[in-house]
Q: 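Provided herewith is a single structure, encoded as structure tokens, for subsequent inquiry.
Predicted model only: the values in this text are computed from it and were never measured.
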Amino acid sequence: NEHYFLSMIASQIALAQEQNSKIAICILDIDNFTAINTTLGYKHGDLLLQEFSKKLRSILKNTQLLARNGDEFFIAYSFTDDMTLTAFVDDLKQLSVHHYDTISEGLAISFCTGIAIIPLDCENADDCVQKSKVALSEAKKKGYGSVCFYSEKLFQKNLEKISLEKELRRALKNGEFILHYQPKIDI
């Protein structure tokens with residue numbers, strides 16, 4: 001689960017520092033999973049999660065971490081160069097091409113992915129998982145099957161949104177809005 005995943009990343013970070021490598025924290029969220037559960041039933045939803053997990057394990061090395069929380073999958077992927085990470089992300093994208101016929105004939109799934117990189121984006125596990133979730137949120141906004149890498153620009157965008165919402169609530173509470181009517185005239 002996510003708690004186990006966080007505790008295991010600490011040792012991965014120490015190993016990555018020794019080997020001068022990086023770790024990509026990837027969070028995959030199956031698109032429209034609630035509809036799959038509702039339509040096919042929870043038993044089939046669980047089977048889909050199991051089959052998807054097996055397909056994920058097939059592209060991971062033994063040293064990579066994989067955990068699940070609901071329909072979100074957490075991966076800690078160690079790499080030394082950007083081309084290796086790009087190849088891994090391409091392999092992930094190929095998972096959505098596979099059909100899951102054991103659950104429902106012709107069923108193909110898609111998923112969004114958020115990625116943050118240790119030590120470029122963050123230094124510790126909690127921070128990196130949080131930043132991966134920020135990237136995942138942005139990927140979901142882009143639509144099914146999207147991949148998004150964390151950036152400070154995303155972080156600032158979210159801060160601005162929260163700040164604006166806070167200011168709007170304060171303005172509403174203080175009666176700072178004025179309603180103006182614009183007449184529509186048909187001459």
Side-chain angles (χ1 to χ4, degrees), residues 1-31 33 49-50 52-96 109-169:
N1 62 22
E2 186 176 350
H3 179 69
Y4 172 78
F5 181 77
L6 287 169
S7 67
M8 294 303 293
I9 290 177
S11 61
Q12 292 282 329
I13 292 172
L15 185 62
Q17 289 172 339
E18 287 175 17
Q19 298 176 346
N20 201 24
S21 62
K22 301 171 195 164
I23 302 173
I25 302 298
C26 310
I27 302 179
L28 287 67
D29 183 68
I30 296 175
D31 295 325
F33 187 71
L49 291 173
Q50 291 170 13
F52 185 72
S53 177
K54 287 177 188 173
K55 289 181 187 292
L56 270 177
R57 280 194 202 106
S58 72
I59 63 171
L60 293 174
K61 302 173 192 165
N62 290 336
T63 58
Q64 314 303 340
L65 290 175
L66 174 63
R68 182 179 71 85
N69 186 16
D71 67 329
E72 289 183 341
F73 289 84
F74 297 77
I75 299 170
Y77 183 80
S78 299
F79 66 100
T80 52
D81 61 84
D82 292 344
M83 288 182 63
T84 305
L85 179 60
T86 301
F88 173 68
V89 171
D90 287 342
D91 289 345
L92 285 177
K93 288 179 183 178
Q94 291 302 311
L95 288 179
S96 63
I109 63 164
S110 63
F111 52 90
C112 290
T113 309
I115 302 172
I117 298 172
I118 298 171
L120 300 176
D121 300 321
C122 42
E123 295 292 327
N124 63 58
D126 289 326
D127 191 30
C128 212
V129 166
Q130 185 59 38
K131 289 181 176 180
S132 294
K133 287 181 179 184
V134 168
L136 177 63
S137 177
E138 190 65 22
K140 287 180 178 181
K141 290 176 192 172
K142 290 181 179 181
Y144 290 171
S146 296
V147 176
C148 188
F149 285 83
Y150 175 82
S151 70
E152 279 301 313
K153 186 178 178 183
L154 281 178
F155 182 71
Q156 290 303 322
K157 184 179 168 183
N158 283 335
L159 274 180
E160 289 170 9
K161 181 182 176 190
I162 290 169
S163 177
L164 179 61
E165 287 176 5
K166 190 169 124 180
E167 288 177 33
L168 286 170
R169 281 191 189 91

Q: When you measure from the side chain of Ser132 to the backbone of Cys128, do you find a donor-acceptor pair of N or O atoms at a distance under 3.5 Å?
A: yes

Q: Measure the spacing between CG of Asp90 and CE of Met83 and express it to the nearest 0.5 Å.
A: 10.5 Å

Q: Find out whether Lys22 and Asp82 are in side-chain contact, i.e. whether some heavy atom of one side chain is under 4.5 Å from a heavy atom of the other.
A: yes

Q: Is there a donor-acceptor pair under 3.5 Å between the side chain of Arg68 and the backbone N or O of Gly70?
A: yes

Q: Starting at CD1 of Ile118, measure out to CD of Gln12 and round the result to the nearest 0.5 Å.
A: 9.5 Å

Q: Restricting to non-hydrogen atoms, name the atom on Asn124 and the atom on Asp126 that form the minimum distance, rounded to 0.1 Å.
A: OD1-N, 3.3 Å

Q: Taking side chain as C-beta onward, heavy atoms only, is Leu136 less than 4.5 Å from Glu72?
A: yes

Q: Pick from Ile109, Asp29, Asp31: which one makes a side-chain contact (heavy atoms from CB on, under 4.5 Å) with Asp71?
A: Asp29

Q: Take the angle between the ring planes of Phe74 and Phe5 and call it parallel below 30°, perpendicular above 60°, tilted in between.
A: tilted

Q: Can you measure from CZ (Phe52) to CG (Leu28) and round to the nearest 0.5 angstrom?
A: 5.0 Å

Q: May I ask you to test the Cys122-Tyr150 pair for a side-chain heavy-atom distance under 4.5 Å?
A: no

Q: Closest heavy-atom contact between Pro119 and Glu123?
A: O-OE2, 3.5 Å

Q: Can you name the closest pair of heavy atoms from Gly145 and Cys112 and give their distance?
A: N-SG, 4.0 Å

Q: How far does CZ of Phe149 sit from CG of Leu120, to the nearest 0.5 angstrom?
A: 11.0 Å

Q: If you apply the rule side chain to side chain contact (heavy atoms under 4.5 Å, CB included), what do you find for His3 with Asn69, and how did you get there?
A: CA-CA 9 Å; His3 179 69; Asn69 186 16; over 6 Å; no

Q: Can you tell me if Asn20 has over 12 outside heavy atoms packed within less than 6.0 Å of its CG?
A: no

Q: Is there side-chain contact between Ser53 and Arg57, with heavy atoms separated by less than 4.5 Å?
A: yes

Q: Do any N or O atoms from the side chain of Lys131 and from the backbone of Asp121 form a donor-acceptor pair under 3.5 angstrom?
A: yes

Q: Show your working on side chain to side chain contact (heavy atoms under 4.5 Å, CB included) between Thr84 and Tyr77 and close with a plain yes or no.
A: CA-CA 10 Å; Thr84 305; Tyr77 183 80; 3.4 Å; yes

Q: Which heavy atom of Ser21 sits nearest a heavy atom of Phe79, and at what distance?
A: CB-O, 3.3 Å

Q: Contact between Ser78 and Gln64 at the side-chain level, heavy atoms closer than 4.5 Å - yes or no?
A: yes

Q: Roughly how far, to the nearest 0.5 Å, is the CG atom of Asp91 from the CG atom of Leu56?
A: 11.0 Å

Q: If we check side-chain contact (heavy atoms from CB on, under 4.5 Å) with Phe73, which of these qualifies: Thr113, Leu92, Leu49?
A: Leu49

